[in-house]
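Per chain, numbering begins at 1; letters A, B, ... match sequence-line order. Not measured: the values here are computed from a predicted model.
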Amino acid sequence: MPAASPSSYERFYAIVRRIPRGRVSTYGAVARLAGLPGHARQVGYALAALRDGSAVPWHRVVNAKGELSLKRAASPSGVTQRLRLAREGVVVDAGARVSLARFGWRVRERVARSAPD
DNA sequence: CCACTGACGAGTG
DNA sequence: GCACTCGCCAGTG
C-alpha cells in the first residue's frame with residue numbers, strides 16, 4: 001500500500017468530508033483547516049485526483065471568489081458539480097458563482113455563548 | 001535541471 | 001472590478 005507516506009491529499013479529503021450539505025467551502029479554507037495554509041493549489045490538485053464514487057463531496061469546494069472552478073470546462077465534472085449543488089439547495093448564478101455570504105461554510109471556532117454579556 | 005501548466009490565493013495599484 | 005506579481009506544489013516534456 002502506498003499509504004506509507006502521509007499523503008497531504010488525505011488531509012484535504014478529511015476536511016472536505018466535514019463540509020455540511022447545502023454549504024460550500026473554498027480551496028484556501030480547506031488547506032488552512034488541514035493545517036497547510038497557502039496550499040490551496042494542492043487542494044485543487046488533490047480533488048482533481050479523486051475518482052468517481054469517492055465519498056468526498058468535492059462539489060462543495062469553490063474558489064475564493066465563490067466561483068466554480070470547473071466552469072471553464074464543459075466536462076462531466078462541471079455539470080455534476082452544478083447538479084449536486086442545486087440538489088442541495090445551493091444557488092449558482094449565471095456567472096457560475098455562489099454567494100459565500102449565504103452558503104459559505106463557517107467553521108465554529110468558538111462555542112456559542114448560552115448567556116450574552 | 002529548466003520551463004510551463006493547473007479544480008488557487010493574497011496583495012497592490 | 002480588472003491587470004499584474006509572487007508564492008505554493010505536482011506532473012509533464
Side-chain angles (χ1 to χ4, degrees):
Chain A
M1 291 295 286
S5 56
S7 166
S8 53
Y9 286 10
E10 285 302 324
R11 265 186 112 63
F12 297 143
Y13 298 153
I15 302 299
V16 176
R17 269 191 276 262
R18 287 169 48 192
I19 304 174
R21 196 167 175 286
R23 291 274 183 209
V24 299
S25 191
T26 66
Y27 295 93
V30 170
R32 188 165 179 143
L33 290 171
L36 296 171
H39 292 57
R41 208 160 203 171
Q42 275 50 272
V43 173
Y45 205 86
L47 296 187
L50 284 173
R51 298 176 294 172
D52 183 39
S54 65
V56 181
W58 56 268
H59 60 283
R60 296 182 188 141
V61 183
V62 299
N63 65 30
K65 303 177 215 166
E67 301 174 315
L68 307 192
S69 295
L70 283 77
K71 65 176 183 180
R72 44 174 41 183
S75 61
S77 299
V79 178
T80 299
Q81 182 168 35
R82 282 207 172 207
L83 205 61
R84 288 184 174 178
L85 288 177
R87 218 177 87 189
E88 297 183 0
V90 176
V91 179
V92 180
D93 68 24
R97 285 197 316 195
V98 174
S99 169
L100 292 178
R102 279 191 64 191
F103 306 105
W105 176 41
R106 286 191 174 185
V107 181
R108 296 183 182 281
E109 296 183 34
R110 59 181 180 183
V111 186
R113 301 178 183 178
S114 52
D117 299 346

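One hydrophobic cluster, built from ILVMFWY side chains closer than 4.5 Å, cannot hold both A:Leu50 and A:Leu83; they sit in different ones.
One finds the NE2 atom of A:His39 at 6.5 Å from the CZ atom of A:Phe12 (value rounded to the nearest 0.5 Å). Here the OG atom belonging to A:Ser99 is positioned 9.5 Å from the CZ atom belonging to A:Arg97, to the nearest 0.5 angstrom.
Taking atom CD of A:Glu67 as the reference point, atom C1' of B:dG9 lies 13 Å away to the nearest angstrom. Computed from coordinates, the A:Leu68 CG to B:dG6 P distance equals 19 Å when rounded to whole Å. For the pair A:Phe12 CZ and B:dC8 P, the interatomic distance rounds to 13 Å; values are reported in whole Å. Across the protein-nucleic acid pair, A:Tyr27 atom OH and B:dA10 atom P stand 14 Å apart, rounded to whole Å.
The salt bridge (Lys or Arg N to Asp or Glu O under 4.0 Å) check on A:Arg102 picks up nothing, with sequence neighbours excluded.
Classification of A:Glu88 and A:Arg23 as a salt-bridged pair fails, no side-chain N sitting under 4.0 Å from a carboxylate O.
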With the criterion being N/O to N/O and under 3.5 Å, what pairs connect the protein with nucleotides 7-13 of chain C, and how long is each?
from, atom 1, to, atom 2, distance (Å)
C:dC8, N3, A:Arg41, NH1, 3.4
C:dC9, OP1, A:His39, NE2, 3.4
C:dC9, O4', A:Gln42, OE1, 3.4
C:dC9, O4', A:Gln42, NE2, 2.5
C:dC9, O2, A:Gln42, OE1, 3.0
C:dG11, O4', A:Tyr45, OH, 2.7

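Checking the phosphate oxygens (OP1, OP2) of B:dC8, a side-chain nitrogen or oxygen of A:Ser69 falls inside 4.0 Å.
The closest donor-acceptor contact from the side chain of A:Tyr9 to the backbone of A:Tyr45 lies at 3.5 Å or more, if one exists at all.
As rounded to the nearest Å, B:dA7 and C:dT5 have C1' atoms that lie 22 Å from one another.
Contact annotation for A:Ala64: backbone-only contact, meaning every heavy-atom pair under 4.0 Å involves sugar-phosphate atoms and none involves a base.
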